[in-house]
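Shown next, in structure tokens, is the structure this report addresses.
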Amino acid sequence: MYQHILIPTDGSEVAERAVTHGLSLAKFVGAKITVIIVEERLGVLGVSGLARHGAFSELTKLEEQIKKDATSVLDRVANAAKQAGVPCDTIQVEGVQPYEAIIATATDRGCDLIVMASHGRSGLSAVVLGSVTNKVLTYTKTPVLVVPSRS
């Protein structure tokens with residue numbers, strides 16, 4: 001059935017539900033998993049603008065904390081996979097659109113299923129914030145299992 005499952009996460013509670021589903025499915029079918037977390041860049045003003053406003057060091061600290069948090073999320077998933085006996089790789093990507101990184105990783109790694117969460121936004125918030133899940137569903141050729149925000 002499935003041999004290699006990609007599980008994107010952002011560390012949120014909703015995404016963790018998708019991680020749990022993906023890990024359980026992988027264990028059940030004997031698949032390996034790759035877990036990806038995508039860090040979006042925070043810089044908006046450019047380096048010189050940030051330096052003028054004294055915010056560059058704060059932005060750097062925030063980006064370092066985001067990296068630490070992402071590493072912690074990936075470590076937790078890798079440990080859970082190890083305990084479940086599921087082979088697991090982790091990938092930390094930065095500076096690209098999350099949906100593009102997810103699709104590229106699925107293609108490059110030969111994943112035959114993507115298991116990801118939907119935060120369940122609708123209306124204006126979905127339009128303004130966009131939906132990574134919706135974009136993945138729209139542009140990928142890999143099957144996607146969507147775990148809803150509400151069980």
**Q.** Partner set under side chain to side chain donor-acceptor pair (under 3.5 Å) for Ser12, not counting sequence neighbours
**A.** Asp10
Q) Residues two or more places apart in sequence or in another chain: which of them pass salt bridge (charged side-chain N to carboxylate O under 4.0 Å, His left out) with Asp112? A) none
**Q.** Point-to-point distance, once rounded to the nearest 0.5 Å, from CG of Asn134 to OG of Ser118
**A.** 8.5 Å
Q: Sequence neighbours left out, what passes side-chain contact (heavy atoms from CB on, under 4.5 Å) with Asn79? Give chain and number order.
A: none
Q) Where the side chain of Ser72 meets the backbone of Lys68, is there a donor-acceptor pair that is under 3.5 Å apart? A) no
**Q.** Partners meeting side chain to side chain donor-acceptor pair (under 3.5 Å) with Ser24 (sequence neighbours left out)
**A.** none
Q) With a cutoff of under 4.5 Å between side-chain heavy atoms, which Ile, Leu, Val, Met, Phe, Trp and Tyr residues group with Val86? A) Met1, Tyr2, Ile5, Ile7, Val19, Leu23, Leu25, Phe28, Val29, Ile33, Val35, Ile37, Val73, Leu74, Val77, Leu113, Val115, Leu145, Val147
Q) Quick one: does Val132's side chain get under 4.5 Å of Met116's, heavy atoms only? A) yes
(Q) Do Val144 and Val14 land in one hydrophobic cluster if side-chain heavy atoms of ILVMFWY residues count as linked below 4.5 Å? (A) no
(Q) If the condition is salt bridge (charged side-chain N to carboxylate O under 4.0 Å, His left out), which residues does Arg76 pass it with, not counting sequence neighbours? (A) none
**Q.** Within residues 65-98 or reaching into it, pairs that qualify as ring-ring contact (aromatic ring centres under 6.0 Å, His included) - sequence neighbours excluded
**A.** none
Q. Any ring-ring contact (aromatic ring centres under 6.0 Å, His included) pairs touching residues 65-88, not counting sequence neighbours?
A. none
Q) For Ala15 and Ala117, which heavy atoms make the closest approach, and how far apart are they? A) CA-CB, 3.8 Å
Q: Could you grab the distance from atom OG1 of Thr142 to atom CD1 of Ile102, nearest 0.5 Å is fine?
A: 11.5 Å
(Q) If the condition is salt bridge (charged side-chain N to carboxylate O under 4.0 Å, His left out), which residues does Glu64 pass it with, not counting sequence neighbours? (A) none
**Q.** Within 6.0 Å of CD in Glu13, more than 12 heavy atoms from elsewhere
**A.** no
Q) Counting heavy atoms not belonging to Gln3, are there more than 12 under 6.0 Å from its CD? A) no
Q: Test Ile91 against Val93 for side-chain contact (heavy atoms from CB on, under 4.5 Å), laying out the working first.
A: CA-CA 6 Å; Ile91 301 173; Val93 179; 3.5 Å; yes
Q) Hey, what do you get for CD (Glu63) to CD (Glu39), rounding to the nearest 0.5 Å? A) 8.5 Å
**Q.** Residue list, ring pair (Phe, Tyr, Trp, His ring centres under 6.0 Å) with Tyr139, at least two apart or on another chain
**A.** Tyr99
Q) Nearest heavy-atom pair of Ile103 and Lys135: which atoms, and what distance? A) CD1-O, 4.3 Å
(Q) Please find the pair of heavy atoms, one from Cys88 and one from Ala78, that lie closest to each other, and give the distance. (A) SG-CA, 4.0 Å
Q) How many angstroms lie between atom NZ of Lys32 and atom CG of Leu6, to the nearest 0.5 angstrom? A) 12.0 Å
Q.
List the residues meeting side chain to side chain donor-acceptor pair (under 3.5 Å) with Thr105, not counting sequence neighbours, and say none if there are none.
A. none
Q) Tell me, which pairs form a salt bridge (Lys or Arg N to Asp or Glu O under 4.0 Å) where one or both residues lie in residues 79-90, sequence neighbours left out? A) Asp89-Arg109
